[in-house]
Structure formats: C-alpha cells, structure tokens
> 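The structure follows.
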Amino acid sequence: MLREIYVRPVGMLPAGQGERADTVLGGLRLAGGWLDFMGVEVIERNGARLERRLAGLSDFLERDWGRRTLNAADMFEALREPRPRIAGLSLDRPRLMGIVNVTPDSFSDGGLHSTTQAAIEHAYRLEEEGADILDIGGESTRPGAEPVSVEQELARVVPVVEALAGKTRALISVDTRHAAVMKAAAEAGADMINDVAALTHEPAALEAAAASGLAVVLMHAQGDPRTMQDDPRYDDVLTDVFDYLEARIEACIRAGIPRTRLIVDPGIGFGKTVEHNLELMAGLSLFQGLGVPVVLGASRKSFIGKLSGETVAAERTMGSIGAALAAVGQGAQILRVHDVKATRQALTVWEASCRGSTSDPQ
Ligand code: PT1
C-alpha cells in the first residue's frame, strides 16, 4: 500500500506542558515520551505532487479526510502509542548508543588481539560515560568502504560481545548485515541487532534475526556503501524513506518479528546528499508515525563537516551535539554517537532545562 497522507507531529512542548487540561490549545503526549505535540503537519501526496500544511489537533481530528480517514487515523494512533521497553530499556527519555568500532584502522597497531582488547576497553569507557547501549561493529559501512569477509567480521565481533555480555549494565548491539554474525552474536549474548541494510543484504538475514529473538534496528540506505554517494536521488526523501521503513516493518512482522522488537533509523549519510540529510533531520518526527522507536546516527558525519567546514571527523563533536539535540527535540528515542560523555552532558542540561527542575523523575 502506498500512502497518500502522512501526519507529522509539530509544535512540541516539554511533556506535561501541552497536555494540561486547562489549556484552550490542547496537546498530546508523543510516543509516551518527553514531548507533547500541539499540532500536525499533514503531507498529502498525489502522484509526484506533494502538499504540506499545518493543522492544530482539533482542526485535524474534526476534519473529514474522506477515504483517507483510516490512513490518517492509524498514523495518528501510532504517534501517541507509548513505546514498549526494548530488551528491558525504557524509552520514555532519550537514550545513547555508544559506537564501538572493532576495525584495525580505528585502533592503530593492527593485530586482531590488540584490536579486540582496545574495543573492549573502549566499550567499558563508553558505558562509564553514560551509554545505554553499546553498538559493536566489525565492518565499516561508511561511504566508499570496502566490505570485509564474514569470517573476518565474526573474528572481530564475537570475542568483544563475549567479553561484554553479562558484564555491563548497557545493552549490547551488533552492527551487521550478515546472518552468520547475527546468529553468532545472539549466541554470544547480544541484546540487539543493528542492520544498515534493514535485513535485506542476504535472504537469510530476516530469518536469522527472527530466530534470534533479539530487537532489531532497521536502517534505510540507498545503494551499497561503496557506491551509495554517487548521485543519490529520491522523489521526496522524507516520504520515500518512510515508505521503505514501513515496508520493512511489514516484512519483519510477516517473518515473525513482532513490532515490539523493531526500531527504525532513516540512515543519515547512506545514499544521501547534504540536502537529503537535512530534509530528514527537519522532518524527523514523521517517523514516530511508524509506531516504533527511532534511532538517529548523525555523529561526526560528513554533512556536519560540510555545514561547519570542519574536515577532521574527530573535531565534529560540537556539530554532532547540535544534531543530537535537534533529534531529541523531534522525539528520537536513541542517538548513535561517538562522543558519549559530551552528548550525555548536553542531554542532561537539555532535559533539565525543558523540565524546569533539577529533580530527575527516574
Ligand atoms: C547509522 C549508522 C549505523 N551509521 C545505524 N547504524 C554508520 N543504525 C554505521 C558520512 O557521511 O546512522 N545508523 N552504522 C556509519 N556510517 C556512515 C555513513 C559514517 C556516512 C559516516 C558517514 O561521513
């Protein structure tokens, strides 16, 4: 089914401020989280034509949408539905997924043993700094990266998962496109699969993820890492990515993965120009209409370099925090970041400033 109407929550206030019964202008809690939305942006698509307009909630709810009523109503319900815990982690506040690369080029001296040790130490440091999830990856999927063999990926990832499983408070996620790695990681004690190919890279991936019983991040990418930045094109990037993720959720449900185990990610930098990335950032709250948690990975990416003129990725922490706060301001539940300490500090101040109090409800 191709959607004709999309409903994006807008006009965010800190949770509780918009929902108050005494306000003339009523708002509703977004996904059981930290924001109330006061209105919606209605996006209508007629073939290639796109119309976007804003509506207050009562205006939206009272309007007759004709044969599109069901389409609008199911998406509206999905916006409100509180997100269930993922592997025990509540998503009523923003969470941090710390990036742990198990790739020799990230840790200079080359050998597998020292690479493994460095990755484990890095993971513990990120947990200490406030990571809720540790994302372990053995294959680089950044633009232009060459694939590694599955054997190599297994040799990098599995020892790190084994070392961390049961020893950290943080959840363990494995960043992989390969069924064999998903299976081995699940056996080694991982909690979550993070797949930049949304379980499409191999036919066996969908089956392996279903059998694992783990939570799964479905990320949108256009093309393969090696060539994805060669002239990416969309009819409309925001609704095209939405449709793709919706179709992948449906495929997962058909394969036996319940919606409560699914998470989506628009895939910043994966077959996208700077303009595409910024359209996704600006429209990010749209993805709450999929009814599952949203992950955003903007950390140190080249669009931040292009905006700021900073050519050194490791010097993009400040820009990455800008992207992170923009994302949680649109309801994104999980941020995939390199700089856990800096992002945690920024989030703590952002949350307390929205709340207007030092007292932490947790
Ligand atoms: C991501 C992500 C990921 N990104 C998820 N997993 C990478 N769920 C790896 C650049 O433009 O966003 N979400 N796993 C890393 N990929 C990139 C892509 C790194 C683009 C850098 C860029 O610089």
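Positions are given from 1 along the sequence. We count ligands from 1, going down the list as the structure has it; atoms in each ligand are counted the same way.
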> Do E202 side-chain atoms and A204 backbone N/O form a donor-acceptor pair below 3.5 Å?
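No; zero donor-acceptor contacts below 3.5 Å.
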
> With heavy atoms of G297 as the reference, note each atom of ligand 1 found under 4.0 Å away.
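With G297 as reference, the close atoms of ligand 1 come out as 12 (O).
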
> For the side chain of D265 and the backbone of G267, is there at least one donor-acceptor N/O pair under 3.5 Å apart?
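Yes.
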
> Write out the residue and atom name of the closest protein heavy atom to atom 23 (O) of ligand 1, then the distance separating them to 0.1 Å.
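I find the closest protein heavy atom is S302 N, 2.8 Å.
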
> If hydrogens are left out, which of M219, K301, R336 has an atom nearest to atom 21 (C) of ligand 1, that is, the closest non-hydrogen atom?
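Shortest heavy-atom distance from atom 21 (C) of ligand 1: K301.
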
> Hey, what's the ring geometry for F287 with F242, parallel, tilted or perpendicular (30° and 60° as the breaks)?
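Plane angle under 30°, so parallel.
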
> Can you tell me the protein heavy atom closest to atom 14 (N) of ligand 1 and the distance?
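Ranked first by proximity to atom 14 (N) of ligand 1 is D175 OD2, 2.9 Å.
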
> Please round to the nearest 0.5 Å and tell me the distance separating atom CG of L262 and atom CD1 of I86.
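Here the interatomic distance stands at 7.5 Å.
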
> Are H201 and H178 close enough that some pair of their side-chain heavy atoms sits under 4.5 Å apart?
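A side-chain contact under 4.5 Å exists here.
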
> What protein heavy atom lies closest to atom 16 (N) of ligand 1? Include the residue and the distance to one decimal.
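Ranked first by proximity to atom 16 (N) of ligand 1 is F270 CZ, 3.2 Å.
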
> Using a 3.5 Å cut-off on N or O atoms only, is D265 in polar contact with ligand 1?
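N/O-N/O distance under 3.5 Å: yes.
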
> Distance to 0.1 Å, residue and atom name: give those for the protein heavy atom nearest to atom 20 (C) of ligand 1.
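Checked against all protein heavy atoms, atom 20 (C) of ligand 1 sits closest to P143 CD, 3.4 Å.
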
> Under 3.5 Å between some N or O of ligand 1 and some N or O of V295?
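Not met; the criterion fails.
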
> Hey, is G267 one of the residues with a heavy atom under 4.0 angstrom from ligand 1?
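Judged by the 4.0 Å heavy-atom criterion, G267 does not count as contacting ligand 1.
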
> Are any non-hydrogen side-chain atoms of D243 and Y6 less than 4.5 angstrom apart?
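D243 reaches Y6 side chain to side chain.
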
> Can you list the ligand 1 atoms lying under 4.0 Å from a non-hydrogen atom of V196?
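Ligand 1 atoms under the 4.0 Å threshold to V196: 3 (C), 6 (N), 14 (N).
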
> List the atom of L214, the atom of R261, and the distance in Å for their closest heavy-atom pair.
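Reported closest heavy-atom pair: O-NE, 2.8 Å.
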
> How about H220 and F270: are their ring centroids closer than 6.0 Å?
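Aromatic pair excluded; centres sit 6.0 Å or further apart.
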
> N194 to ligand 1: N or O pair under 3.5 Å?
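It does: an N or O of N194 is found under 3.5 Å from an N or O of ligand 1.
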
> Short list, please: which atoms of ligand 1 are under 4.0 Å from a heavy atom of T141?
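Near T141, meaning under 4.0 Å from one of its heavy atoms, ligand 1 has 9 (C).
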
